[in-house]
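The sequence lines fix the lettering, A, B, ..., with proteins before strands; numbering per chain opens at 1. The model shown is predicted, which means the values in this text are computed figures rather than measured ones.
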Amino acid sequence: MKIEDRISEAVKAIVEELYGQPVTDKMVQLQQTRAEFEGQITLVVFPFTKMSRKAPDATAQEIGERLMAKLPEVISGYNAVKGFLNLSISSSQWISLLQEIQTNPKFGFKPVTDESPLVMIEYSSPNTNKPLHLGHVRNNLLGWALAQVMEANGNRVVKTNIVNDRGIHICKSMLAWLKWGNGETPETSGKKGDHLIGDYYVAFDKHYREEVKQLVSQGMDEEQAKQEAPLIKEAHEMLVKWEQNDPEVRNLWKQMNEWVYAGFDETYQALGVGFDKIYYESETYLEGREKVEEGLSKGLFYRRPDGSVWADLTGEGLDEKLLLRSDGTSVYMTQDIGTAKLRFQDYPIDKMIYVVGNEQNYHFQVLSILLDKLGFKWGKDLVHFSYGMVELPNGKMKSREGTVVDADDLVAAMIRDAKELSADKVNKLEGITEQEAQEIARIVGMGALKYFILKVDARKNMLFNPEESIDFNGNTGPFIQYTYARIKSILRKWNNEIVLDEKAFETELADKEISLIQKLQGFEAAVCQAGQDYNPSCIANYCYELVKEYNQFYHDFSVLKEEDKTKQQVRLMLSAAVGQVVKNGMGLLGIKVPERM
RNA sequence: GGUCUGGUAGCUCAGUCGGAUUAGAGCAACAGCCUUCUAAGCUGUGGGUCAUGGGUUCGAGCCCCAUCCGGAUCACCA
């Protein structure tokens, strides 16, 4: 049982006994004691002063006295300052805690069993007409990290992806490829499949705008020109053919999508993310239509004279929402309903989490209500993990203005920078093969990118400066990785000399060491909070704080001398424990830690 | 305009359930520290009206109300 839990329990009993009033968990507030006071754990007694009808100081004294009598093996002393009761904890308690952290490789994680709640997490959700960009990178990293965090909190997790593989945007790429492609393939062009298709999407847009411009110069209204341009008409015709299962169009569509998927897979692999189940919109969009018709027959929705189907959400304080167009085709919302139906058939989902940008907050508010109305038990409390936009120094990313940061380019640049940086420190990497050096550069470069994105609160918009933002110094992934590599280096040298001598330990445990042990213990709380708030960033910040604190007395380490043996033992054990926790924490973020760098 | 969301150092960001005379990191600037298990590190200096004004209480960056400023959204687009 944890030290804090034992104290908390004892405090409850004591206060109830002293003042004869019930005490809730919330009233027992324990925190780490400030450095300037004696003790390690502090009880805030203000919540009890009302029932004690005494001054905060006196109340604290009273509780401290009883607490010490009740838990003599845990508490070795106490002092009261104003409304704060500072408790000194016996060294033996800290030592057993340290041992537990060090020997338990799953420290901080809750076990997952067959009875654990089933959580499905949807993330990534790319369109198949262009390669992934920085915004997708944030989505993918958050989605993956969130999946790890949920699992660490004792949930069964299914990671899923809904691929938007149909629609007018795909037809645009297909058409452009037919017109100007000359049969180009990823093999003949040497381009990644997703980039190849993306280039044709851009080509379409370019020609299309020229056409519109020409029509406008001939005196046509711009809105009309956008609809009348021959290219867009042709693309629409293609979409109709696709829906009619025209074999030629379908074959081309399949071929191009395969190229794109191969490209995506490369990017996903580089980012270190993956999925347990992938859904394709081409397979789900018809399901949604059925579900809407079903809702219509139950009177949940209504049909307008023009044939379109709507949901009236004015009762929920929202607007009316279109579900089927007047021509009977699906909209975005319909497809999400269809996907939900298939997912529910495939898995007994207890909780559904959608990792989607905050621009779609309204969409998910509506989706939640609709799914609930349609009888999905997890619909009402589905979670929209809503993350902020990534902004660039000169504004937002706009594909038309060419201010998009491409995911593959970014990854390559990060790895290259890491490689260059480590080349400057070539003396450290003696005896390392070129292959190993490349692997380290990959781990460090990706660590920098991942940490930079994940340390920011997911809900907030964040600024990304490609030239300056990603640093390898300061509060960064590489800083944490570097500390881990150093710990490993120490352990490689001294590991076989770790022995346990509890008596000797007690004499060497100073406030600094105890503070670090408490910090280590805080990992459990950080994991728990990350799961509750759906917020991986608190784990990143926890790792940084831990490493920062560790580094401060890493520098006191000196070569092992005979008379310092005990001191070294304590520090070796601390180092091992810090390394273990850092590895676990970074693992939750999808960041690898290198044995050396 | 309605709804949602954010505003903390020059810049990028932390800040746990509301807790302790002094609100923290990093970057940028300046001054130190490598004969030693990794200096991608450590130490120090300067830098703040926590957007503004009220309120709640033993106590507010955090909770409530109002105002100002930014962002998102309110499509027979996805």
Between B:A9 and B:A25, how many Å separate the two C1' atoms, rounded to a whole number?
11 Å
Judged by whether its glycosidic angle lies within 90° of 0, B:C34 is syn
Regarding B:A20, can its base be found pairing with the side chain of A:T42 as donor and acceptor, where the two atoms are less than 3.5 Å apart?
yes
Integer angstrom distance from the P of B:G19 to that of B:A75:
42 Å
B:C69 to B:U56 separation - C1' atoms, rounded to the nearest Å:
26 Å
Ignoring backbone atoms, test whether A:Y362 places a side-chain nitrogen or oxygen under 4.0 Å from the OP1 or OP2 oxygen of B:U73.
no
Give the dot-bracket string for RNA chain B, reading 5' to 3', where a pair is Watson-Crick or G-U wobble with both distances under 3.5 Å, ( ) marks pairs inside the strand, [ ] marks pairs crossing earlier ones, | marks a partner on another strand, and . marks unpaired.
(((((((..((((.....[....)))).(((((.......))))).....(((((..]....))))))))))))....
Using the P atom on both, measure B:U5 against B:G10 and round to a whole Å.
28 Å
Checking all strands, does A:M389 fall into the base, sugar-phosphate, or nothing category for heavy-atom contacts under 4.0 angstrom?
nothing
Do the side-chain N or O atoms of A:R325 get closer than 4.0 angstrom to the phosphate oxygens (OP1, OP2) of B:C77?
yes
List the protein contact pattern of nucleotides 23-28 of chain B with one symbol per nucleotide (5' to 3'): B for base contact, S for sugar-phosphate-only contact, - for none; contact means a heavy-atom distance under 4.0 Å.
--SSS-
Kindly say if A:Y554 contacts the phosphate of B:A39, meaning a side-chain N or O under 4.0 Å from OP1 or OP2.
yes
Measure the distance between the ring centre of A:F479 and the centre of the six-membered base ring of B:A40, then answer whether it is under 5.5 Å with planes under 30°.
no
Pairwise C1' distance for B:U22 and B:G15, with rounding to whole Å:
16 Å
May I ask you to say what A:E281 touches in the nucleic acid, namely base, sugar-phosphate or nothing, with a heavy-atom cut-off under 4.0 Å?
sugar-phosphate
Kindly determine whether A:F479 and A:Y544 satisfy ring-ring contact (aromatic ring centres under 6.0 Å, His included), including the steps that lead there.
CA-CA 8 Å; A:F479 167 64; A:Y544 176 68; 5.6 Å; yes
Report the C-alpha separation of A:Y354 and A:F364 in whole Å, then their side-chain angles, then the decisive distance to 0.1 Å, and conclude whether the ring-ring contact (aromatic ring centres under 6.0 Å, His included) test is met.
CA-CA 9 Å; A:Y354 294 86; A:F364 281 97; 4.9 Å; yes
For A:D336, which contact category applies under a 4.0 Å heavy-atom criterion: base, sugar-phosphate, or nothing?
nothing
Indicate the atoms forming the closest heavy-atom contact of A:V356 with A:Y387, along with that distance.
C-CE2, 3.4 Å
Given A:L546, which of A:T483, A:L516, A:N551 fulfils the side-chain contact (heavy atoms from CB on, under 4.5 Å) condition?
A:L516
Indicate for each nucleotide in nucleotides 4-11 of chain B, in 5' to 3' sequence, whether protein heavy atoms under 4.0 Å reach the base (B), only the sugar-phosphate (S), or nothing (-).
S-SS----
On the nucleotide B:U43, are OP1 or OP2 found under 4.0 Å from the side-chain N or O atoms that A:Q552 carries?
yes
